[in-house]
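Remember, it's 1-based here, ligands and their atoms both numbered in the order they're listed. Positions are given from 1 along the sequence.
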Amino acid sequence: MTNRRQFLRNATLTVAGSALAINSRTAAANVPVSTTVNAKKELGLQIYSLGRELAPDVPGGLKKVAQMGYTVIELAGYNSEGKIGAASMADFKKYADDAGLKITSSHLNPPAREYTKDNLEQIKDFWKKAAEHHAAIGCKYIIQPGQPSTRSTEEVAYVGEVFNEAGKIAKAAGLQFGYHNHNGEFARVVPGGTEPLPASRGFGRPPEGAKIIYDAMLEATDPELVQFEMDVYWTVMGQKDPVAYMKKYANRIRLLHIKDVAVLGESGMMNFPKIYETAYANGIKDYFVELENYTGGTQFEGVKGCADYLLKAAFVK
Ligand code: MG
């Protein structure tokens with residue numbers, strides 16, 4: 001049934017597909033779906049995945065990304081001058097438009113890692129300017145991917161307050177603020193702590209008042225102001241089950257990073273069918289492929305491998 005459905009899907013795209021360069025290696029591997037764009041699937045890519053390979057030719061690189069089957073991108077590298085690398089936000093938007101890619105999200109970090117009453121205004125100013133720049137290009141989300149200093153439950157609670165402020169600023173500009181995790185957020189902190197406790201402490205109960213940083217961040221933030229973009233790979237690396245989190249916090253985890261050790265589906269340690277099943281059940285529409293540490297070829301080849309995997313996968317609608 002799946003093959004027939006995919007065949008019909010592709011048949012309707014013959015015209016669009018014939019305009020695309022077909023990768024002969026993939027075609028030779030007899031993978032029919034991956035050689036044409038499947039218009040039914042919305043595939044997001046975090047452009048950080050392309051590493052340094054995108055910078056020399058952003059317009060051409062984004063066209064390649066679209067030809068692989070990606071339809072949406074999440075930016076990375078917004079700097080204090082309001083640029084992505086050498087490109088202004090407006091230029092970057094034009095390159096994406098020309099390639100037929102939508103920009104829905106962007107990763108950016110405020111200028112301080114340790115949040116204090118003293119630098120709150122500086123952080124708020126950063127978000128104000130960033131929100132303005134991103135609203136101007138029609139972006140939907142501004143997402144912080146860097147973990148602030150969170151050594152104690154008190155520090156996490158204050159980070160939550162600052163996130164709420166960022167959320168208000170984003171909202172006023174018509175955007176949504178979000179936070180993206182790595183594995184460090186699954187460590188525990190205690191009241192008055194000076195450093196996080198490792199995620200795994202072997203047997204025994206955690207100390208009195210200990211909280212998982214990620215859970216404490218969820219608790220400390222207003223659902224109207226702060227959403228979470230769960231990086232499913234880094235959650236597994238934090239010794240937690242991303243599906244359990246998605247089920248427990250269905251109204252908070254609204255975006256995903258779809259990531260594996262390298263090319264999606266190759267390691268066998270990520271349960272992508274279950275992750276997608278849960279994402280659909282929760283109505284999650286925004287997800288972005290991310291590739292890091294790829295050594296099997298160029299980053300572009302690795303990113304294409306990820307698209308091929310998702311385009312072929314029956315569990316991706
Ligand atoms: Mg990520």
* To do: Taking atom types as modelled, find out whether Gln299 and Glu53 have a side-chain donor-acceptor pair closer than 3.5 angstrom.
  => no

The protein N, O or S atoms lying under 2.8 Å from the Mg ion (ligand 1) are His180 NE2, Asp231 OD2, His257 ND1, Glu290 OE1

Residue set satisfying side chain to side chain donor-acceptor pair (under 3.5 Å) with Asp260, at least two apart, ordered chain then number -> Ser267

task: May I ask you to say whether Arg254 pairs ionically with Glu229, meaning some side-chain N is under 4.0 Å from a carboxylate O?
output: no

Residues at least two apart in sequence or cross-chain that pass side chain to side chain donor-acceptor pair (under 3.5 Å) with Tyr179, listed by chain then number, are Glu185

- [ ] Decide, yes or no, whether a salt bridge links Lys140 with Asp286 under the criterion of side-chain N to carboxylate O below 4.0 Å.
- [x] yes

Apart from Tyr141 itself, members of its ILVMFWY cluster (side-chain separation under 4.5 Å) are Val72, Ile143, Leu255, Phe288

